[in-house]
Amino acid sequence: MTFPTTIFSKLDTPFYYYDLDILNQTLKAIHAETDHRKNFHVHYAIKANANPGILEIIAQSGLGADCVSGGEIEAADMAGFDGQKIVYAGVGKSDKEIRIALEKGIFCFNVESLPELEVINEIAHEMGKKAHVAFRINPNVDAHTHAKITTGLNENKFGIAMEDMIPAIRKAESLDAVEYTGLHFHIGSQILDLSVYVALCDRINELQDILDKEGIQTANINVGGGLGIDYDNPDGNPIPNFKEYFELFEEHLKLREGQQLHFELGRSVVAQCGSLIARTLYVKEGHTKKFVIVDAGFTELVRPAMYGSHHFTQNLSAANDAPKDKYDVVGPICESSDVFSTDEVLPITHRGDFIAFRSAGAYGEVMASTYNCRQLPEAYFSE
Ligand SMILES: *Cc1c(COP(=O)(O)O)cnc(C)c1O
């Protein structure tokens with residue numbers, strides 16, 4: 001990826017920079033794997049990045065939307081996503097959010113508990129509507145990823161246990177304003193070990209056998225999202241391996257006649273197109289360490305502080321062959337967790353140098369906060 005640093009020098013930092021070429025190539029790669037598989041449907045997970053400009057491009061490409069709040073349903077609607085392609089998950093849907101979803105006529109509620117099912121039924125009944133529901137089932141598959149982003153294990157707040165699947169479906173059948181239309185799964189995020197998805201397919205196949213025996217028909221299977229990206233080498237691997245990912249489901253999942261397969265990809269769609277751009281404020285020489293103090297912090301990009309993740313870091317102002325040194329790259333926020341990386345090898349860095357934190361398009365701008373009375377970052381797009 002190249003950065004227009006001449007343009008950057010006229011801008012206030014920190015800000016997000018989105019390379020739309022990468023975004024469009026990513027979308028093209030997804031469509032290349034899904035357009036000819038007519039029963040495959042991809043819903044972009046809005047929570048990864050809800051920047052209106054990004055959302056519009058994704059909506060125009062024809063993907064659906066995966067929302068986890070009423071606000072996201074409204075953002076999806078504003079960006080032009082087809083309401084009929086919106087799925088809505090979340091353990092704590094409020095009455096108001098359920099009403100918004102019913103008004104927009106979304107494709108499906110991914111229901112995470114029986115009390116929620118009853119409330120959706122009541123509200124839909126009162127509005128004279130029928131809510132399409134899928135049950136989010138907890139498949140007890142370990143995503144082999146960070147503890148804070150593993151969601152498919154039994155002792156998790158998300159979803160309904162497998163043993164409760166049949167009673168939940170029976171309950172839905174007994175209610176007048178909901179219709180059972182599918183099963184939903186989402187086992188975690190930043191999954192690079194694709195055998196985890198094979199385990200998910202095996203588990204879904206088992207569950208489908210049980211449903212067959214009960215004579216229950218299921219129109220939709222939704223396998224959620226979670227496909228990981230290469231944080232270490234964004235320029236080497238700008239586009240995730242969608243081919244292998246989608247082929248895996250085609251190979252391992254035993255879909256029934258007419259069954260539709262849904263995906264909810266977030267990070268893999270938007271992570272590589274975004275970078276957080278900061279300026280170096282100070283280079284501080286400690287006794288044992290050197291610090292690059294930049295004007296961005298966890299208020300702009302919280303992933304390092306929250307998940308201990310590392311973003312590939314580049315000094316955009318230094319020459320390629322400049323001699324290097326080792327730095328801790330830190331932000332200005334008054335918390336010791338405000339550290340982007342330790343022992344980062346960078347070209348010798350000076351005050352004023354632009355620092356790019358790469359692969360920040362997912363769970364970056366959308367998680368920014370105003371802590372320390374800071375302003376939310378601006379976003380700029382490549383031509
Ligand atoms: C967050 C989330 C996703 C997207 O996850 P990624 O790891 O960004 O692909 C999909 N489905 C649900 C229900 C989610 O909560």
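Both counts, for ligands and for their atoms, begin at 1 and track the order of listing.
For the pair K289 and Y327, the cation does not sit on the ring face, since its NZ or CZ is not both under 6.0 Å from the ring centre and inside 45° of the axis. For the pair R136 and F185, the cation does not sit on the ring face, since its NZ or CZ is not both under 6.0 Å from the ring centre and inside 45° of the axis.
Note: no N/O pair closer than 3.5 Å links H184 and ligand 1 by distance alone. Where the criterion is an N or O separation shorter than 3.5 Å, residue side chain and backbone included, R267 meets it with respect to ligand 1. By the 3.5 Å distance cut-off applied to N or O atoms, A48 is not counted among the residues near ligand 1. Looking at ligand 1, you'll find an N or O of G226 within less than 3.5 Å of one of its N or O atoms.
A salt bridge links R256 to D209: one of the charged nitrogens lies within less than 4.0 Å of a carboxylate oxygen.
F340 has its ring centre less than 6.0 Å from the ring centre of F357. The ring of H43 has its center no closer than 6.0 angstrom to the ring center of F81.
Using a 4.5 Å heavy-atom cutoff, the side chains of V223 and F263 are in contact.
Ranking the protein heavy atoms by distance from atom 15 (O) of ligand 1 puts K47 NZ, 2.7 Å first. Nearest protein heavy-atom neighbour of atom 4 (C) of ligand 1: A45 CB, 3.5 Å. The protein atom (non-hydrogen) at minimum distance from atom 7 (O) of ligand 1 is S189 OG, 2.3 Å. Y363 OH, 2.6 Å is the protein heavy atom nearest to atom 8 (O) of ligand 1. Here the heavy atom of the protein found nearest to atom 13 (C) of ligand 1 is E264 OE1, 3.5 Å.
The contact set between ligand 1 and D66, taken as ligand atoms under 4.0 Å from a residue heavy atom, comprises 3 (C), 10 (C), 11 (N), 12 (C).
Using cut-offs of 30° and 60° for the angle between ring planes, the Y380 and F15 rings count as perpendicular.
Nearest to atom 5 (O) of ligand 1 by heavy atom, out of H43, Q190, H186, is H186.
A donor-acceptor pair under 3.5 Å links the side-chain atoms of H186 to the main chain of G225, judged by distance alone.
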